Novice: 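For reference, the structure I am asking about is given below.
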Amino acid sequence: MATDLIGAYIACDAPGQAISMLERLAPSHSTVFWWNALIRRAVRLGFLEDVLGLYRKMQRHGWRPDHFTFPFVLKACGELPSFLRGASVHAVVCAKGFESNVFVCNAVVTMYGRCGALDEARQVFDDLCERGIGDVVSWNSIVAAHVQGGDPRNALKLFDRMTDDRRICPDAVSVVNILPACASVGAWSQGKEVHGFAVRSGLVEDVFVGNAVVDMYAKCGMMDEASKVFKSMMVKDVVSWNAMVTGYSQIGRFEDVLALFKKMRENNIELNVVTWSAVIAGHAQRGHGYEALDVFRHMQVCGSEPNVVTLVSLLSGCAAVGALLHGKETHCYAVKCILNLEGSDPGDDLMVINSLIDMYAKCQSSKVARMMFDLISPKCRNVVTWTVMIGGYAQHGEANDALELFFEMLGQENLMKPNAFTISCVLVACSRLAALRLGKQIHAYVLRNQLESVMVFVANCLIDMYSKSGDIDAARLVFDNMKQRNAVSWTSLMTGYGMHGRGEEALLVFDEMRRAGWVPDGVTLVVVLYACSHAGMVEQGIKYFDSMSKEFGIVPGVEHYACLVDLLGRAGRLDEALKLIEDMPMEPTPIVWVALLSACRTHPNVQLGEYAASRLSELESENDGSYTLLSNIYASARRWKDVARVRSMMKHTGVKKRPGCSWVQGKKGTATFFVGDWSHPLSRQMHVILEDLIQRIKAMGYVPETSFALHDVDDEEKGDLLFEHSEKLALAYGILTTPAGAPIHITKNLRVCGDCHAAMTYISKIIDHEIILRDSSRFHHFRKGSCSCGGYW
DNA sequence: GTAGGGTTAG
């Protein structure tokens with residue numbers, strides 16, 4: 001009688017009444033059923049903490065959980081997820097002798113899987129197998145644990161073992177579990193086998209299975225296969241259609257997406273938020289932010305409610321095109337409609353916040369990004385939060401801030417483990433700063449954590465870091481040791497050789513690349529031309545440029561023309577460079593005119609320089625570099641009035657010359673110097689050294705090239721100004737702090753000054769160091785009185 | 001037991 005009442009209470013969701021009645025009953029076998037019923041109800045309703053409360057309460061009142069109780073309780077632990085509580089339930093399972101109950105043990109495996117405890121899950125599973133009581137559910141559980149735990153490769157291995165085991169017959173769940181794993185590692189041939197199995201066993205008629213097959217092919221980019229399966233499906237639902245939409249969106253076939261939309265309407269399938277989000281994401285991932293925004297608008301017109309996923313995709317689109325205003329609108333929308341909604345997953349909120357930080361950083365608003373970052377309490381941040389902020393800094397010339405934040409991340413109380421993304425961002429920052437010492441430490445970290453073996457990306461960043469930090473041979477070593485390479489690996493190495501003026505080697509790599517079967521793209525050709533230009537290989541460069549379309553099927557873009565202008569200009573062939581610009585099939589962009597203007601500085605030509613500068617200012621008036629170049633051109637012609645005019649023009653238009661800045665990586669960190677910056681504690685000694693060196697090289701024939709000083713003052717004073725250039729200060733500091741015989745590495749934010757270049761060439765003859773100077777475009781190795789650039793500074 | 005999402009390189 002009492003138990004009937006309890007059942008009724010449970011059925012009408014009055015658990016309090018049911019519990020108080022149960023507590024008044026004496027423990028007997030029949031009433032465990034009602035505790036289980038209560039617990040099951042709580043699991044269904046998602047009251048996970050209540051499940052555990054009931055579990056404790058029933059034990060306090062003397063009832064023993066049975067083989068029905070444990071799976072529910074374990075499910076609650078897995079969904080919370082709470083490893084500690086799950087493990088203690090597992091301990092009780094063992095203590096009460098339930099380890100031979102496969103039903104209970106399968107639930108333990110699933111629970112551990114949900115908690116990310118793959119080793120524990122595996123141990124329970126292996127135990128089941130050893131005792132020969134594992135069933136298909138056990139196998140499905142352990143495979144699912146590996147798929148969800150981010151270990152798809154082992155999931156695939158386990159699935160293979162499962163199909164080899166004759167006692168086990170995979171079911172629909174097995175197939176639906178394993179196909180996403182195939183897709184995530186691009187194992188389409190294994191996916192094809194699973195598909196074959198599904199067909200032979202008839203499972204493919206299950207709409208879940210069919211969807212999983214379509215999804216697998218679509219994610220592998222095999223839309224013909226996906227389409228074939230899709231068409232053959234007797235029963236389709238919106239998930240089937242969305243799998244196709246996603247597939248086409250990912251490979252950018254949006255006209256096929258539109259065709260699907262039409263058919264969906266014909267079949268009365270309503271587009272849902274997943275459909276729209278997938279298309280938005282497809283555009284965003286291809287860098288088509290404005291198309292993503294269009295789809296978003298369309299979605300709203302159609303009355304579909306965006307959700308977290310929609311916003312995250314949309315923000316990545318805004319970030320890709322630097323659409324700050326749209327990003328801000330999306331931010332407002334998120335605050336109004338999405339963030340902090342009752343019952344929303346806090347992980348989802350963090351994802352939106354991470355996307356917002358990334359969007360602001362990529363839209364040049366790193367201050368706003370940092371404000372958002374600081375607003376999140378450190379214990380709520382995850383590794384992506386840190387990475388987007390570090391990456392934002394690294395990419396926008398705030399490399400020091402990037403590194404500072406990275407160290408802050410490492411010092412967090414709740415241990416934050418950098419992942420491959422974080423490491424890539426940090427390496428970008430190292431590259432910018434030429435921070436070789438830190439870069440090497442990061443490399444060691446990469447090796448210890450085996451990040452490079454799975455991540456071509458990280459190794460590519462290492463190549464870039466080493467070559468931009470002055471150690472191109474180390475870059476080569478990283479390259480040679482890569483098990484897998486992609487086109488970026490090759491071009492990174494070529495860029496390195498190009499920057500170091502080792503054009504022949506860059507071209508050898510280019511040949512190697514082609515022999516290895518890689519098809520060069522537009523970027524590769526830019527690098528090839530750049531290498532030719534910086535090594536003075538004019539004829540070679542022209543040949544490559546002329547054969548681009550024929551040999552590689554690449555139509556020269558404006559960036560290739562700019563390279564060729566640079567190439568001709570460096571060689572002093574200014575008329576040809578101008579003719580090339582005039583004959584260009586497209587409108588020249590600023591980089592083209594800057595290339596010509598630089599050439600007019602290297603090979604003084606006032607008239608052409610003026611022309612280039614005027615064309616440049618039509619396109620962008622705020623380029624401080626172009627004013628400096630023009631002023632240098634006038635100065636070298638000793639046209640001081642024009643120099644003054646340019647300076648007043650700069651003042652008038654509010655263009656500020658970026659201050660020259662050089663730095664040296666020493667054992668105790670970085671020492672940074674600005675022009676005329678004598679604030680360093682070693683300044684006195686630096687001054688003495690410079691004075692002495694300049695005296696000595698003057699005796700060797702060095703004549704200060706005062707035209708670089710940008711001032712109309714008498715020569716003696718200009719000599720002083722040259723004396724104070726940041727790269728000379730950095731050199732003096734390097735000499736003071738670098739052990740004899742070791743190279744001095746200097747990095748400068750702008751192009752090296754011609755006088756400094758000349759002075760360093762002389763100085764390298766009399767000091768016991770090689771000087772390796774990286775400026776904004778390339779490396780200069782000064783050794784024994786000559787420079788690797790061969791005068792093409 | 002099925003679908004969509006945030007961070008990385010030339």
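Lettering of chains follows the sequences in order, A, B, ..., and the numbering in each one begins at 1. Please read all numbers here as calculations on a predicted model, not as lab measurements.
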Novice: Give one of base, sugar-phosphate or nothing for A:Ala172, where a contact means two heavy atoms less than 4.0 Å apart.
Specialist: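 Touches a base.
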Novice: If I take atom CG in residue A:Asp358 and atom P in nucleotide B:dG5, what distance separates them, rounded to the nearest angstrom?
Specialist: 16 Å
Novice: Taking CG from A:Leu260 and C1' from B:dG4, how many angstroms apart are they, rounded to a whole number?
Specialist: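 About 15 Å, once rounded to whole Å.
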Novice: Which of these nucleotides, B:dG10, B:dT8, B:dT7, is closest to any side-chain atom of A:Thr495?
Specialist: B:dG10
Novice: For residues A:Asn140 and A:Asn106, is any side-chain donor paired with an opposing acceptor at under 3.5 Å?
Specialist: no
Novice: In this structure, how many angstroms lie between the C1' atom of B:dA3 and the CG atom of A:Asp237, rounded?
Specialist: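 It is 9 Å, rounded to the nearest whole Å.
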Novice: For A:Val308, which contact category applies under a 4.0 Å heavy-atom criterion: base, sugar-phosphate, or nothing?
Specialist: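 The answer is base, as A:Val308 lies within the cut-off (heavy atoms under 4.0 Å) of a base atom.
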Novice: Decide yes or no, distance alone: a donor-acceptor N/O pair under 3.5 angstrom between the base of B:dG5 and the side-chain of A:Asp348.
Specialist: yes
Novice: Return the nearest nucleotide to the side chain of A:Val238; candidates are B:dG10, B:dG4, B:dA3.
Specialist: B:dA3
Novice: Looking at the side chain of A:Val523, which of B:dG1, B:dG10, B:dG4 is the nearest nucleotide?
Specialist: B:dG10
Novice: Go through the N and O atoms of the side chain of A:Asn307 and the base of B:dG4, and report whether any donor-acceptor pair is under 3.5 Å.
Specialist: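 It does, because a donor-acceptor pair links the side chain of A:Asn307 to the base of B:dG4 below 3.5 Å.
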Novice: Quick check: any donor-acceptor pair below 3.5 Å linking the side-chain of A:Ser492 to the base of B:dG10?
Specialist: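 In this structure, the two groups form no donor-acceptor pair.
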Novice: Can you check whether A:Trp139 and A:Phe125 have ring centres sitting under 6.0 Å from each other?
Specialist: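 That pair passes the under 6.0 Å test.
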Novice: With the side chain of A:Ser313 defined as its heavy atoms from C-beta on, choose the nearest nucleotide among B:dG10, B:dG1, B:dG5.
Specialist: B:dG5
Novice: Would you give the length of the straight line joining atom CG of A:Asp464 to atom CG of A:Leu427, rounded to the nearest 0.5 angstrom?
Specialist: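 If we round to the nearest 0.5 Å, A:Asp464:CG and A:Leu427:CG are 9.0 Å apart.
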Novice: Could you tell me whether A:Val175 contacts a base, only the sugar-phosphate backbone, or nothing, with contacts defined as non-hydrogen atoms closer than 4.0 Å?
Specialist: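 Contact class for A:Val175: none.
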Novice: Between A:Asn211 (CG) and B:dG4 (P), how many Å, whole number?
Specialist: 11 Å
Novice: For the atom pair CE (A:Met162) and CD1 (A:Ile142), what is the distance rounded to the nearest 0.5 Å?
Specialist: 12.0 Å
Novice: Provide, to the nearest angstrom, the distance between the CE atom belonging to A:Met494 and the P atom belonging to B:dG10.
Specialist: 14 Å
Novice: Just call it for A:Asp171: base, sugar-phosphate, or nothing, with non-hydrogen atoms closer than 4.0 Å on any strand.
Specialist: nothing
Novice: Assign A:Val388 to base, sugar-phosphate, or nothing according to its heavy-atom contacts below 4.0 angstrom with the strands shown.
Specialist: sugar-phosphate
Novice: Roughly how far, to the nearest 0.5 Å, is the NE2 atom of A:His288 from the CG atom of A:Leu293?
Specialist: 13.0 Å
Novice: Provide, to the nearest angstrom, the distance between the OH atom belonging to A:Tyr445 and the P atom belonging to B:dT8.
Specialist: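 That distance rounds to 18 Å.
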Novice: At under 4.0 Å, does any side-chain N or O of A:Lys219 touch on OP1 or OP2 of B:dG4?
Specialist: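 Answer yes for this pair, as a side-chain N or O of A:Lys219 is under 4.0 Å from OP1 or OP2.
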Novice: Report the nucleotide, chosen from B:dG5, B:dG1, B:dA9, that has the shortest atom-to-atom distance to any side-chain atom of A:Val312.
Specialist: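 The answer is B:dG5, which lies nearest to the side chain.
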Novice: Does A:Gln285 reach a base, just sugar-phosphate, or nothing at all? Heavy atoms under 4.0 Å.
Specialist: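 If one applies the 4.0 Å heavy-atom cut-off, A:Gln285 turns out to touch the sugar-phosphate alone, with no base involved.
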Novice: I want to check one thing: is the phosphate of B:dT7, taken as OP1 and OP2, less than 4.0 Å away from some side-chain N or O of A:Gln395?
Specialist: no
Novice: By nearest atom, which of the nucleotides B:dT2, B:dT7, B:dA9 is closest to the A:Cys461 side chain?
Specialist: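 Of B:dT2, B:dT7, B:dA9, B:dA9 is nearest to the side chain of A:Cys461.
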Novice: Considering only B:dA9, B:dG4, B:dG10, which nucleotide approaches the side chain of A:Asn486 most closely?
Specialist: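 Looking only at heavy atoms from C-beta outward on A:Asn486, the closest nucleotide is B:dA9.
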Novice: What do you reckon, are the aromatic ring centroids of A:Trp276 and A:Phe296 less than 6.0 Å apart?
Specialist: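 A:Trp276 vs A:Phe296: aromatic centres not under 6.0 Å.
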Novice: A:Gln250 side chain N/O closer than 4.0 Å to the phosphate oxygens (OP1, OP2) of B:dG5?
Specialist: yes
Novice: By nearest atom, which of the nucleotides B:dT8, B:dA3, B:dG10 is closest to the A:Ala487 side chain?
Specialist: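 Of the candidates, B:dG10 comes closest.
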Novice: Between the base of B:dG1 and the side chain of A:Asp206, is one N or O donor paired with an acceptor at under 3.5 angstrom?
Specialist: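 Looking at the base of B:dG1, it does pair with a donor or acceptor on the side chain of A:Asp206 (distance under 3.5 Å).
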Novice: Expressed as a whole number of angstroms, how long is the span from A:Phe457:CZ to B:dT8:P?
Specialist: 8 Å
Novice: Would you classify A:Ser489 as touching base, sugar-phosphate or nothing, given that sugar-phosphate means primed atoms plus P, OP1 and OP2, and contacts are heavy atoms under 4.0 Å?
Specialist: nothing
Novice: Once you apply a heavy-atom cut-off of 4.0 Å, does A:Asn140 come out as touching a base, just sugar-phosphate, or nothing?
Specialist: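 Contact class for A:Asn140: none.
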Novice: State whether a side-chain donor-acceptor pair under 3.5 Å links A:Asn267 with A:Lys236.
Specialist: no
Novice: Ignoring the backbone of A:Lys362, work out which of B:dT7, B:dA3, B:dA9 is nearest its side chain.
Specialist: B:dT7
Novice: Does B:dA9 have OP1 or OP2 sitting under 4.0 Å from an N or O in the side chain of A:Lys468?
Specialist: no
Novice: With rounding to the nearest 0.5 angstrom, report the CE to CD distance, A:Met111 to A:Glu79.
Specialist: 12.5 Å
Novice: Measure CD/A:Glu559 against C1'/B:dG10 and give the value in whole Å, please.
Specialist: 13 Å
Novice: Answer with base, sugar-phosphate or nothing: what part of the nucleic acid does A:Ser355 contact at a heavy-atom distance below 4.0 Å?
Specialist: sugar-phosphate
Novice: Considering only side-chain heavy atoms of A:Val274, which listed nucleotide, B:dG10, B:dT8, B:dG4, is closest?
Specialist: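 Ranking B:dG10, B:dT8, B:dG4 by closest atom to the A:Val274 side chain puts B:dG4 first.
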